[in-house]
Amino acid sequence: MKFGFLFIIFSIVTNHNICAYPNNKRLPTINLVKRVSVDTNDTNAITICERMKKAAINKYSNYRDLNSASSNIITSNNGTSSNATASNNGTSSNIATVSNTATSNNISGNGQCTTLIKNMALDEAYYGKMIVGNQKFNMFLDTGSSNFWIPNKNCTSASCQNHNKYDSSKSSTFKPEGNPWSILYGTGSASGVTGIDNVQIGQITCKNQIIGLADNESDDFLTLENDGICGLAFDSLNTINNGAPTIISTLIAQKKINPIFSFHFNHYYVYDDQGSFTLGGVDESKFNGEITYNNVIPNFLIPDYGFWAIKLDDAKVNSSPLSFSGKIAVIDTGTTLMLIPPKDAAAIHSQISNFEYDSQYGVYIIPCDTTAVVSLEFGGVDYKIPSRDLIFLPISSTQCVSSILPVAVFGDPDAWLVGQTFIKNVFSVFDVENRRVGFANSK
Ligand SMILES: *[C@@H]1O[C@H](CO)[C@@H](O)[C@H](O)[C@H]1NC(C)=O
Ligand SMILES: *[C@@H]1O[C@H](CO)[C@@H](O)[C@H](O)[C@H]1NC(C)=O
Ligand SMILES: *[C@@H]1O[C@H](CO)[C@@H](O)[C@H](O)[C@H]1NC(C)=O
Ligand SMILES: *[C@@H]1O[C@H](CO)[C@@H](O)[C@H](O)[C@H]1NC(C)=O
Ligand SMILES: *[C@@H]1O[C@H](CO)[C@@H](O)[C@H](O)[C@H]1NC(C)=O
Ligand SMILES: *[C@@H]1O[C@H](CO)[C@@H](O)[C@H](O)[C@H]1NC(C)=O
Ligand SMILES: *[C@@H]1O[C@H](CO)[C@@H](O)[C@H](O)[C@H]1NC(C)=O
């Protein structure tokens with residue numbers, strides 16, 4: 001499991017007092033440096049896919065327990081996707097200055113800030129800088145989990161040794177709490193106790209955030225560039241204090257941001273592009289046309305709101321509909337690929353010329369020069385995944401592993417885990433107040 005992410009803040013909602021937000025604050029620029037090399041141990045595409053499958057299954061197994069307790073898996077498509085395409089209404093009036101933020105890296109007021117995010121190898125994950133107390137950390141931006149955690153000073157795990165660690169004795173704003181917490185991720189686990197401190201993202205400071213201080217991290221984090229993870233799903237997924245407020249919830253409660261965040265993710269092969277994460281709004285310089293919203297489906301896997309799960313209308317290959325129905329997509333910025341139930345993966349790949357299924361490893365092999373374009377339809381709008389992103393990694397000079405892996409991560413034949421293969425090709429908006437996910441064409 002790897003995560004990548006970026007925030008944008010944005011106000012489309014009118015009943016928030018934008019005057020309460022900081023004005024004329026400047027956001028320090030974080031320059032993005034693209035990492036082009038791949039971990040030497042990661043050169044085998046099949047191995048990477050195996051790891052990613054295991055990662056996704058582990059990550060979501062955190063919530064199986066919660067789910068069995070509630071015995072209430074609702075997989076119906078209640079979340080009717082509304083065609084609320086007029087969402088730019090609010091953006092233009094409330095945050096007219098937004099578009100400056102990304103280009104100039106200035107915060108222009110209204111509690112919005114854009115921070116640039118970094119892309120790990122192969123768009124595996126994106127992370128941004130945050131300051132906890134007075135200490136800097138690189139944090140994965142993960143809409144597929146809700147915990148906020150960083151390595152603690154007393155962590156002796158190998159993974160803690162090559163990462164920044166938090167020293168509470170050096171922070172005057174630290175408050176002890178001491179509740180045990182733990183979380184499983186795709187490729188690892190972390191655990192420790194809780195603490196309370198301020199978290200700064202750009203110029204915005206979240207006061208008294210409950211954070212996880214990890215004193216035990218699995219080796220899976222060794223090679224990752226990020227120090228910790230910043231979860232951006234709903235509070236009920238937070239394994240800290242069994243549903244503690246996420247950093248987003250805290251920022252909203254403290255009226256530091258409008259209840260929305262958004263991302264423009266970059267591609268590792270586009271060198272002059274920068275990913276960005278906007279808290280409190282959207283960065284209008286990063287998308288074209290309208291944002292179309294899709295309501296979050298409640299009670300998916302866990303009671304109430306947890307995941308950013310929305311209705312997927314259908315998928316197409318080269319514009320031919322596959323006539324899927326009843327599908328749910330979990331939008332997870334912390335997952336690299338798309339992991340979808342085997343039957344659905346078969347339906348998609350059967351429309352791609354010269355595909356092969358590798359039954360030993362459970363991956364699809366497609367020609368590296370495929371021109372197939374897969375698109376996902378949300379809220380009546382098709383969003384394309386370019387052929388280049390449909391291929392993940394080569395296994396020979398002509399054959400590549402597909403970015404769509406056949407696995408029912410949620411144990412539900414209709415639930416798709418939609419990661420960066422898709423998300424990096426759209427401008428994505430996570431509207432916390434109205435509980436909906438918006439997409440627009442990314443510039
Ligand atoms: C990479 O592979 C080598 C040889 O298989 C192994 O010794 C090493 O521990 C691996 N490193 C990581 C970080 O997994
Ligand atoms: C799903 O829709 C049905 C019928 O419209 C409704 O009775 C039910 O409360 C809805 N469930 C959720 C979780 O929204
Ligand atoms: C957008 O603004 C127009 C004019 O102010 C209004 O008629 C329309 O209902 C708004 N749409 C939304 C979704 O708010
Ligand atoms: C921020 O905006 C101000 C005024 O618009 C401008 O003078 C300044 O150069 C900008 N800062 C950056 C880092 O672009
Ligand atoms: C690390 O320190 C915390 C207090 O910050 C403590 O609660 C925890 O038990 C310590 N863990 C280890 C492994 O020493
Ligand atoms: C760290 O976590 C692992 C996996 O849960 C566990 O096996 C190990 O005993 C833990 N180590 C410590 C020092 O608690
Ligand atoms: C959304 O808009 C599209 C195109 O305008 C339309 O075909 C579709 O039926 C609409 N969906 C809903 C749920 O209104």
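Whatever order the structure lists ligands and atoms in, that order sets their numbers, starting from 1. Just so you know, residue 1 is the first one in the sequence shown, and it goes up from there.
- Residues C49 and F392 share a closest heavy-atom pair of SG-CD2, 3.9 Å.
- Closest protein heavy atom to atom 4 (C) of ligand 5: V193 CG2, 4.3 Å.
- Considering D313, D314, D344 as possible partners of K327, the one that fulfils the salt bridge (charged side-chain N to carboxylate O under 4.0 Å, His left out) test is D344.
- Atom 11 (N) of ligand 6 is flagged as protein-proximal [any protein heavy atom, distance under 4.0 Å].
- The closest protein non-hydrogen atom to atom 5 (O) of ligand 5 is N152 ND2, 3.6 Å.
- Atom 6 (C) of ligand 5 has N154 ND2, 4.1 Å as its closest protein atom, hydrogens excluded (heavy atom only).
- Side-chain atoms of H267 never come within 3.5 Å of backbone atoms of N425 as a donor-acceptor pair (strictly under, hydrogens ignored).
- The distance criterion of under 3.5 Å between nitrogen or oxygen atoms is met by N216 with respect to ligand 6.
- Counting only heavy atoms, the protein gets under 4.0 Å from atom 14 (O) of ligand 6.
- Remark: minimum distance from atom 8 (C) of ligand 5 to any protein heavy atom is reached at D215 OD2, 3.6 Å.
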Test log, rule side chain to side chain contact (heavy atoms under 4.5 Å, CB included), inputs I247 and C230: CA-CA 8 Å; I247 192 160; C230 174; 3.7 Å; yes
Verdict with supporting geometry, V132 and N198, side chain to side chain contact (heavy atoms under 4.5 Å, CB included): CA-CA 6 Å; V132 182; N198 297 346; over 6 Å; no
Side chain to side chain contact (heavy atoms under 4.5 Å, CB included) between L393 and I48, intermediate numbers included: CA-CA 9 Å; L393 284 172; I48 298 175; 3.3 Å; yes
